[in-house]
Amino acid sequence: MQKIAMAIAAHPDDIEFLMAGTLALLKRAGYETHYMNLSTGNFGSISQDSQMTTQIRLKEAMKSAELLGANFHPPICDDFEIFYERELIKKLSGIIRKVQPAVILTHSPSDYMEDHMNTSRLAVTAAFVRGIPNYPTEYPAVSNYNCAIYHSLPHGLVEPLRQKVAPEIFIDTGSVQALKLKALQAHESQQTWLEDSQKMNSYIRAMEGFSERIGSMSNEFEHAEGWRRRLHLGFSEPDFDPLKDLGKAYLLNKTYIES
Ligand SMILES: [Zn+2]
């Protein structure tokens, strides 16, 4: 197995809220890491126009990826245009064939926002076709190597129909919390925007509160990120679970119901 991990999120700063701790720990465990937001985040401002917002957020995301020591991949569409459609699947699967990640970190399949759900679907299909020779992308098909997809938790820890979601796996992010904070702070333009538009009283506090909440669900960790490992069919051998490479930072949720 090649130790390569890739975070695929919808908007600039989603990785920092949901995945950056795990990505940083994978880096520390010897993985080459990759960072990609599908969207430019162009509507994430009330003071700048869409074009200017795109430029500002691109710089912020690149800075964050650099802080995390991850390879940066530029966005491929705009906000509210993350659709489950041919061109985006092709673009993303070309990138996956090139990078060949053994670990893909992405959004929850059900979440409060369609952009997140579509990102999850795009990442899943883009990985699924990695070894299909007649599916054309910029890069030729690769072998059907083992690839594990981990879905992060939905915003608010609930699905859109308000059912609670519990993680299958807890990752202790305490040792990289300071780095996660720094990476989030790189998204300077977002701190006031979220306060104005979504009443997140503090951008930073929101991320910390989320990781503390997941940490307390684990009954072990102060700060944690939560994951659900996708069914292996089409992706890997049944027990392929490379987040276990994180050793003591990895904890299975014993109450998670599995078939
Ligand atoms: Zn988002």
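Excluded from the calculations below are hydrogen atoms, water molecules and symmetry mates; all remaining heavy atoms, backbone and side chain alike, are included. Note that ligands are numbered from 1 as they come in the structure, with each ligand's atoms numbered from 1 the same way.
- Taking 2.8 Å as the threshold, D13 does not count as a candidate ligand of the Zn ion (ligand 1), since none of its N, O or S atoms lies below it.
- With 2.8 Å as the limit, H155 does not count as an N, O or S neighbour of the Zn ion (ligand 1).
- In this structure, H11 and H116 have tilted ring planes: the angle between them lies in the 30° to 60° band.
- A salt bridge links R205 and E212; the closest N-O separation between the charged side-chain nitrogens and carboxylate oxygens is under 4.0 Å.
- Note on H11: its N/O/S atom closest to the Zn ion (ligand 1) is ND1.
- With a cut-off of 2.8 Å, the Zn ion (ligand 1) has no N, O or S atom of H107 in range.
- D79 and S39 are linked by a side-chain donor-acceptor pair at a separation below 3.5 angstrom, with hydrogens and angles left out of the test.
- Aromatic ring pairs are classed by plane angle as parallel below 30°, tilted from 30° to 60° and perpendicular above 60°; the pair F128 and F235 is perpendicular.
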